[in-house]
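Before anything else, here's the structure in question.
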Amino acid sequence: MSKSYRLIAIEGEGIGPEVVDASLKIIQYVASLEGFDLNVNYAMLGEVAFNKLGSPFPKETQQLCENADGILFGAVTGSGLLELRQHFDFFINLRPIRIIDSLVEKSSLKSDKVLGLDILIVRELVSGIYFGSSGRGEDYQGIYGYHTMKYYDWEIRRIARVALELAQRRQGLLTVVHKENALPHLPWSHLVLEEAKNFPNVVVQSMLVDNLAMQLVLNPTRFDVIVAGNLFGDILSDIGGALMGSVGLLTSASFNAQGFGLYEAVHGTAPDIVGKGIANPLGTLGSAILCLEQWGEYNAAKRIIQAQEKILAQGYRTADLNPHGAEILVNTEELVQLFLQELGEEKRACN
Ligand code: NAI
Ligand code: MG
């Protein structure tokens, strides 16, 4: 009997539907090549869900996701996503920043600064300032607003253990991001170092977030795995877009302790290009690849990665990558067709 997976597609808003549909076409095709069933159900989140079902994270979506093997997500503008992440306790957010060889000159940095770049940002995703108590009020000084950055030590320790484990499997270097000079009650370095006692092969270095932002631009190849809280991880990972050449290339996967995952690009709804059919789907496709790998479908993942390498090496580029010279401008659908063609040819070559 062939294997079968249930994937929930949450397209969201803006370019969300464009990049999710593009990725689905490609992974559905690969599923047929590899001989497993991929059953896709659509669910709503955010504004669309609020308008149709009265809540940004409705019960219907919750139930669909609870019975699934993974969630492929586009983007939303407002609420819904934080609730989804929290509901499933997706505390592990992995954000790889890896240079694609044929796109090395698309980086905002000179090629020699980014050649071989391979960073993994491990961001805590369900706590910190995005989930702390917040509000607006008024006192004798005027109207004010506040958000609270609160972390239980166990929340820092559990994301630290994930990051240490991953560093152990990679180059063995873990950088802890913190701001302990101004926020001494959030002792990230101390807690990560304590957890690191069980990982003798991992070297841990701690770095203030402001310095780390600068180092990511000055000398990004010095990093391997970076562990960060929710806010710092969110902000720092966008630097990856400049390093790689476009925010449209950045992928991410979020997991809970059971290994159930939410797969989404790092970018947002991109209101300036919505509806034009020119969005770069590779960020979302990269997330879908992470999903296939999480399921153990390594051959399927490899097929897509190889097809992508070939297509990019041939010079095909979406508009965000500013094609010039011999490079060929393609829109989202044309890029999808190139993938299907390449994957089909690979299949014929194998037969
Ligand atoms: P954004 O990532 O949507 O766009 C930033 C710039 O990058 C824009 O110029 C956009 O055209 C370009 N861009 C982004 N993705 C692209 C792609 N796949 N292909 C080609 N170009 C791409 O960030 P922005 O403008 O700050 O946010 C827009 C909305 O998205 C906001 O409402 C924000 O809250 C939301 N957002 C949602 C996220 C999510 O659902 N996970 C994440 C980040 C932002
Ligand atoms: Mg962000």
Side-chain angles (χ1 to χ4, degrees), residues 9-23 26 43-50 56-57 61 71-86 90 93-97 100 103 106 108 121-126 128-130 177 209 213 216 226 228-254 261-288 308 312 316-323 329-336:
I10 301 180
E11 300 183 303
E13 305 150 42
I15 61 166
E18 302 171 32
V19 290
V20 168
D21 286 350
S23 304
I26 295 165
M44 283 185 266
L45 195 82
E47 197 180 297
V48 191
F50 184 79
F57 179 40
T61 298
I71 307 166
L72 186 66
F73 175 70
V76 291
T77 44
S79 54
L81 183 58
L82 294 190
E83 291 85 339
L84 171 76
R85 288 171 176 169
Q86 194 173 38
F90 288 132
N93 181 217
L94 306 183
R95 298 188 155 194
I97 303 170
I100 301 170
L103 296 183
K106 299 295 172 186
S108 297
I121 296 185
V122 181
R123 169 188 170 200
E124 198 291 327
L125 200 61
V126 295
I129 197 164
Y130 295 174
V177 185
V209 61
L216 267 177
I226 296 173
N230 207 342
L231 174 68
F232 296 160
D234 188 6
I235 295 171
L236 291 171
S237 52
D238 271 33
I239 297 176
L243 297 177
M244 287 185 69
S246 167
V247 70
L249 294 170
L250 291 179
T251 70
S252 100
S254 309
L262 166 71
Y263 305 89
E264 52 175 317
V266 168
H267 65 75
T269 57
D272 50 336
I273 59 163
V274 66
K276 295 185 178 164
I278 60 169
N280 188 341
L282 296 183
T284 305
L285 182 63
S287 312
Q308 173 172 304
L312 293 175
Y316 294 104
R317 312 274 184 259
T318 43
D320 53 307
L321 288 166
N322 295 317
L329 173 68
V330 286
N331 62 27
T332 316
E333 184 53 30
E334 286 164 340
L335 189 60
V336 170

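Since the structure is predicted, the reported quantities are computational estimates derived from the model, not experimental observations. Whatever order the structure lists them in is the order used to number ligands and atoms, beginning at 1.
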Atom 39 (C) of ligand 1: of Leu45, Leu81, Leu250, Leu249, the nearest heavy atom sits on Leu81

As a test of the contact definition, would atom 36 (N) of ligand 1 count as having a protein heavy-atom neighbour under 4.0 Å? yes

Region of Asn280 that comes within reach of ligand 1 [heavy atoms, distance under 4.0 Å]: both

Atom 22 (C) of ligand 1: nearest protein contact (heavy atom, Å): Ile273 CD1, 4.1 Å

Check whether any side-chain N or O of Asn93 sits under 3.5 Å from a backbone N or O of Glu124 as a donor-acceptor pair, and report yes or no. no

Is atom 27 (O) of ligand 1 touching the protein, meaning some protein heavy atom lies under 4.0 Å away? no

Does the Arg123 side chain pair with the main chain of Asn230, one donor and one acceptor, at a distance under 3.5 Å? yes

Counting from 1 in the order shown, the ligand 1 atoms closer than 4.0 Å to a non-hydrogen atom of Gly248 are 17 (C), 18 (N)

Looking only at heavy atoms, the pair that brings Leu335 and Pro281 closest together is CD2-CD, 3.7 Å

What I want to know is whether Val247 and ligand 1 share at least one N or O pair that is separated by under 3.5 angstrom. no

Return the residue, atom name and 0.1 Å-rounded distance of the protein heavy atom closest to atom 29 (C) of ligand 1. Thr269 OG1, 3.1 Å

Minimum heavy-atom distance between Thr332 and Ala279, given as atom pair plus value: OG1-O, 2.7 Å

Option nearest atom 41 (N) of ligand 1 (shortest heavy-atom distance, choices Glu13, Glu264, Glu18): Glu264

If you look at every heavy atom in Leu125 and Phe90, which pair is closest and at what distance? CB-O, 3.2 Å

Quick one: pull up CZ in Arg95 and OG1 in Thr251 and give me the separation to the nearest 0.5 Å. 9.5 Å

Need the atom name: nearest N/O/S atom of Asp234 to the Mg ion (ligand 2). OD1

Among protein heavy atoms, which sits nearest to atom 3 (O) of ligand 1, and what does the distance come to when rounded to 0.1 Å? Ala270 N, 2.8 Å

To check you understand the geometry: which heavy-atom pair defines the closest contact between Ser237 and Gly233, and what is its length? OG-O, 2.8 Å

Which atoms of ligand 1 sit under 4.0 Å from any heavy atom of Pro271? 28 (C)

Are there protein heavy-atom neighbours of atom 5 (C) of ligand 1 below 4.0 Å? no

Have a look at ligand 1 and work out which part of Asp272, if any, has a heavy atom under 4.0 Å from it: side chain, backbone, both or neither. side chain

Can a donor-acceptor pair be found, under 3.5 Å and without considering hydrogens, that links the side chain of Glu83 to the backbone of Gly80? yes

Could you grab the distance from atom CD of Glu264 to atom CZ of Phe73, nearest 0.5 Å is fine? 5.5 Å

Set out, in order, the CA-CA distance, both residues' side-chain angles and the distance that settles side chain to side chain contact (heavy atoms under 4.5 Å, CB included) for Thr77 and Glu47, then state yes or no. CA-CA 8 Å; Thr77 44; Glu47 197 180 297; 4.0 Å; yes

Ala279 heavy atom under 4.0 Å from ligand 1: yes

For Ile15, the ligand 1 atoms with a heavy-atom partner under 4.0 Å come out as 15 (N), 16 (C), 17 (C), 18 (N)

Nearest to atom 1 (P) of ligand 1 by heavy atom, Gly268, Gly14, Gly74, Gly241: which? Gly268

So, does Lys106 use its side chain to make a donor-acceptor pair with the main chain of Ile100 at under 3.5 Å? no

Check for me whether Val266 has a heavy atom closer than 4.0 Å to any atom of ligand 1. yes

Atom 32 (O) of ligand 1: the protein heavy-atom neighbour that sits closest, reported with distance to 0.1 Å: Thr77 CG2, 3.5 Å

Closest non-hydrogen atoms of Asp320 and Thr318, given as atom of the first, atom of the second and distance, are OD1-OG1, 2.7 Å

Taking non-hydrogen atoms only, is Ser246 closer than 4.0 angstrom to ligand 1 via side chain, backbone, both or neither? neither

Kindly confirm or rule out an N or O of His267 lying under 3.5 angstrom from an N or O of ligand 1. yes

Any side-chain to backbone donor/acceptor pair from Ser246 onto Ala242? Under 3.5 Å, distance only. no

What atoms in ligand 1 come closer than 4.0 Å to a heavy atom of Phe73? 40 (O)

Tell me whether Asp238 has at least one N, O or S atom under 2.8 Å from the Mg ion (ligand 2). no

Around atom OH of Tyr130, are there more than 12 heavy atoms from other residues, nucleotides or ligands closer than 6.0 Å? yes

Examine Val76 against ligand 1 and note whether any of their N/O atoms are separated by less than 3.5 Å. yes

For atom 15 (N) of ligand 1, is some protein heavy-atom partner under 4.0 Å away? yes

Are any of the N/O atoms on Arg85, whether in the backbone or the side chain, positioned under 3.5 angstrom from an N/O atom of ligand 1? no

